[in-house]
Amino acid sequence: MENTKKVVLRFAPNPNGPMTLGHSRGVIINSEYAKMYDGEVILRFDDTDTKRKPPEIWAYKQIQDEYEWLTGKTPDRIVFASDRMPIYLQHAEEDILNQNAYVCTCSAEKFKILRDSKQACPCRNLDTSENHQRWMKMNDLQSNWEEGAAVVRIKTDLDLPNPALRDWPALRIQTTEHPRVGTTYRVWPLLDYQSAIEDYLQGVTHIIRGKDLMDSTRKQTILYDLRGWKYPETMYWGRVKVHEFGGFSTSGMKADISEGKYSGWDDQRLPTIAALRRRGFSPKALRAFWIELGLNQKDISVSMTTIESHNSKVIDKITPRVSFIGQNNASLTLDLKKEWNSEILKLPKHPDDSEMGYRNWPSPKNGDIIVLEKDDIDEEIRLKEFANATVKSTKISADEFERTDRRPIVHWLLENHTMPAILSTSNGDEIVENKGLIETGKYQVGDIFQLERMGFARITEISENSEIKLVFLHE
RNA sequence: GCUGGUAUAGUGUAGUGGUCCAUCAUGACGGGUUCUCGAUCCGUCGACCCGGGUUCAAAUCCCGGUAUCAGCACCA
């Protein structure tokens with residue numbers, strides 16, 4: 001990054017839904033650069049399309065919340081594009097009056113043909129007052145110009161080698177109601193125009209964006225040149241795919257959710273920040289992940305296991321252990337050959353950190369019911385942190401508390417010290433619910449545990465009959 | 001089709017002309033430790049897209065090819 005004197009960055013999502021994992025790259029890269037250069041980050045809501053990407057009023061709030069969760073701080077500034085409409089329209093009028101722009105009434109199809117052959121459309125050469133009249137007509141709420149009837153174009157060199165840049169559209173008519181400002185405005189700027197003007201007004205010094213917006217930079221640079229402004233330094237990142245999810249399409253997910261394919265934006269199968277958060281990912285892990293990927297223009301495809309590995313590093317040493325036995329279990333009657341000389345059985349909350357304390361189970365007694373995973377049952381097993389045991393049909397006899405041999409260690413439960421629990425795991429697009437038992441304890445929604453020999457999970461709900469609902473995080 | 005971007009181990013990443021028989025992480029495999037299939041420690045495996053050129057010297061610069069991604073929307 002050059003020119004690092006006073007760095008102003010921005011992250012500009014469309015509030016047509018909450019953040020996806022993809023957005024978190026923008027949040028984290030921008031905020032990390034700001035941290036590095038002691039700069040600021042603007043959170044800007046680019047909510048100027050009411051039709052194809054209708055803004056969701058709740059998403060504004062949620063995005064702010066997710067921004068804070070990801071970075072650990074609030075944005076330095078928040079801008080709503082829809083609040084700034086008068087300013088954009090005023091700039092557009094200036095551009096029309098200065099002949100930087102003109103109002104075009106050609107159809108999109110007709111214009112494309114002309115553009116591809118480097119031909120000027122008839123509207124391009126209209127005089128300024130005619131253009132201004134057309135501009136007024138576009139803005140007139142009573143006008144008979146409907147959506148698509150007219151568009152404001154920025155005048156460029158028609159010989160530009162890249163056809164995408166020739167006389168690019170800057171504003172259009174849009175009559176769909178906006179959730180924040182209703183039908184106050186009829187003419188709305190397109191991203192390339194709105195973003196260009198706003199970046200200048202906010203004093204943005206560096207733009208970090210996906211490389212799919214490279215042509216946007218080129219279009220906006222033309223406008224900046226016309227206005228005698230200096231375009232910010234721009235950097236790009238390449239496309240990211242996650243093996244397990246593919247791309248991150250907000251509109252696609254929105255459709256799937258409304259069809260009932262997913263339970264909501266925080267459905268554990270979705271690559272949204274809400275889902276990751278609900279499952280128990282740490283924002284630190286997400287930051288480490290994106291920082292490791294860095295800022296480059298390569299198109300990459302990463303695996304969730306990379307993020308999970310970062311997450312384990314963050315949470316493993318602070319996450320208490322707990323025993324869970326799934327629905328495929330077996331109950332065995334305990335035959336205790338020796339008495340356990342204590343009122344309680346103390347199990348460490350964390351094997352490597354005694355300061356975390358202990359889980360106190362009632363001391364097992366003769367005739368107690370021991371619950372095990374069926375698959376773990378073998379003739380000779382070790383009940384973890386308790387005793388060597390021998391299984392014969394429905395009886396389990398424990399004769400030695402010390403660990404004396406290498407027999408397999410299994411996790412287990414004392415039936416009289418359990419609570420019902422459901423562990424929800426996703427397997428591809430399928431959700432598998434495992435109805436089992438968890439050891440009795442004081443649980444709260446949001447707690448993250450490592451289920452012994454299974455992996456991490458987070459409590460999402462505790463129902464009235466104290467059934468604990470858990471969602472699986474990762475191994 | 002036109003325009004532009006990218007190309008280092010399975011996956012990511014460092015490396016901007018010599019110090020690179022190429023860094024680190026993750027992964028896989030093997031082993032130590034541990035009363036978890038967790039954590040931790042040690043070891044092993046594995047890469048500069050292809051072809052030309054410039055240069056005493058190229059992963060690094062240039063050209064061509066190939067692959068791949070993107071833009072060519074009155075979306076963001």
Side-chain angles (χ1 to χ4, degrees), chain A residues 12-16 45-55 81 104-109 111-112 115-116 138 147-153 160-166 168-174 187-192 194-195 209-219 236 238-243 250-251 288-289 291-294 296-310 312-313 315-317 319 321-323 347-348 350-353 376 382-388 401-404 406-411 450-456 474-475:
Chain A
N14 183 326
N16 64 332
F45 292 105
D46 280 352
D47 55 349
T48 56
D49 186 337
T50 54
K51 199 172 183 181
R52 290 160 207 264
K53 300 195 172 170
C104 173
T105 55
C106 302
S107 70
E109 303 75 45
F111 184 84
K112 186 174 167 23
R115 184 198 64 190
D116 287 347
M138 273 180 91
E147 291 187 5
V151 59
V152 177
R153 295 188 182 282
L160 252 23
N162 187 347
L165 310 184
R166 297 175 198 152
W168 54 271
L171 301 97
R172 82 313 204 176
I173 297 171
Q174 188 173 246
V187 178
W188 286 81
L190 289 152
L191 167 85
D192 293 316
Q194 176 271 126
S195 174
R209 52 164 58 135
K211 65 177 190 176
D212 53 312
L213 293 179
M214 275 182 165
D215 281 351
S216 236
T217 301
R218 297 179 184 110
K219 288 180 200 172
Y236 306 94
R239 211 187 74 170
V240 180
K241 269 190 184 172
V242 172
H243 297 326
T250 301
S251 319
F289 169 73
I291 291 167
E292 181 179 64
L293 258 49
N296 63 49
Q297 297 186 29
K298 281 187 235 176
D299 298 312
I300 54 173
S301 186
V302 293
S303 163
M304 270 310 284
T305 58
T306 306
I307 301 178
E308 291 168 1
S309 155
H310 281 291
S312 294
K313 238 168 239 154
I315 68 171
D316 183 78
K317 50 184 176 295
T319 306
R321 271 54 174 170
V322 110
S323 203
L347 298 122
H350 195 292
D352 308 321
D353 184 3
D376 282 340
R382 167 89 189 161
L383 299 176
K384 191 166 187 290
E385 305 282 356
F386 178 51
N388 289 347
F401 300 129
E402 288 303 308
R403 190 178 179 205
T404 53
R406 308 288 296 175
R407 66 180 71 188
I409 295 163
V410 305
H411 61 295
Q450 188 191 87
L451 308 180
E452 282 193 292
R453 299 178 59 230
M454 295 182 75
F456 297 98
H474 56 74
E475 290 186 357

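In the text below, chain A, chain B and the rest are named by the order of the sequence lines, each starting its count at 1.
- Listed here is the closest heavy atom pair of A:Pro163 and A:Asp116: CB-OD1, 4.1 Å.
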Practice task
Kindly indicate, with the supporting measurements, whether the criterion salt bridge (Lys or Arg N to Asp or Glu O under 4.0 Å) is fulfilled by A:Asp376 and A:Arg382.
Solution key: CA-CA 10 Å; A:Asp376 282 340; A:Arg382 167 89 189 161; over 6 Å; no
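- Residue A:Leu171 forms a side chain to side chain contact (heavy atoms under 4.5 Å, CB included) with just one option from A:Thr48, A:Val152, A:Val151, and that option is A:Val152.
- Between A:Asp49 and A:Arg172 there is a side-chain heavy-atom pair separated by less than 4.5 Å.
- Comparing the P positions of B:A28 and B:U11 gives a spacing of 15 Å, expressed to the nearest Å.
- Taking the C1' atoms as reference points, B:A59 lies 5 Å from B:C48, given to the whole Å.
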Exercise for the section: Sugar-phosphate atoms are those with a prime plus P, OP1 and OP2; base atoms are the rest. Using that split, label each nucleotide of nucleotides 25-41 of chain B B, S or - for protein heavy atoms under 4.0 Å, 5' to 3'. Expected result: SS--------BBBBS--
Handout entry: Sequence-aligned protein contact record of nucleotides 61-76 of chain B, with B where the base is within under 4.0 Å of a protein heavy atom and S where only the sugar-phosphate is
Key = --------SSBSBBBB
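- Here A:Ser301 lies in heavy-atom contact (under 4.0 Å) with sugar-phosphate atoms only.
- When the P atom of B:C2 is taken as reference, atom CG of A:Leu165 falls 16 Å away, rounded to whole Å.
- Taking atom C1' in both B:U23 and B:G46, the straight-line distance is 14 Å, to the nearest Å.
- You'll find the side chain of A:Asn16 stays beyond 4.5 Å of the side chain of A:Arg52, heavy atoms only.
- Looking at A:Arg115 and A:Arg153, their side chains never come closer than 4.5 Å, going by heavy atoms from C-beta outward.
- Between the side chains of A:Thr50 and A:Gln174, a donor-acceptor pair is found at a separation under 3.5 Å.
- Comparing the P positions of B:U26 and B:A39 gives a spacing of 10 Å, expressed to the nearest Å.
- Whole-Å rounding puts the A:Ile300 CD1 to B:G10 C1' distance at 15 Å.
- In this structure, the side chains of A:Asp353 and A:Lys317 stay at 4.5 Å or more apart for every pair of heavy atoms.
- Looking at A:Tyr236 and A:Thr217, their side chains come closer than 4.5 Å, going by heavy atoms from C-beta outward.
- The minimum heavy-atom distance linking A:Pro169 with A:Leu190 is given by the pair O-CD1, 3.6 Å.
- At a cut-off of 3.5 Å, with distance as the only test, no side-chain donor of A:Asn14 or A:Thr250 sits close to an acceptor on the other residue.
- If you take CG of A:Asn296 and C1' of B:G5, they are 12 Å apart, rounded to a whole angstrom.
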Problem - RNA chain B base-pair string [pairs: Watson-Crick or G-U under 3.5 Å; |: paired with another strand] - result: (((((((..(((.....[.....)))((((((.......))))))...(((((..]....))))))))))))....
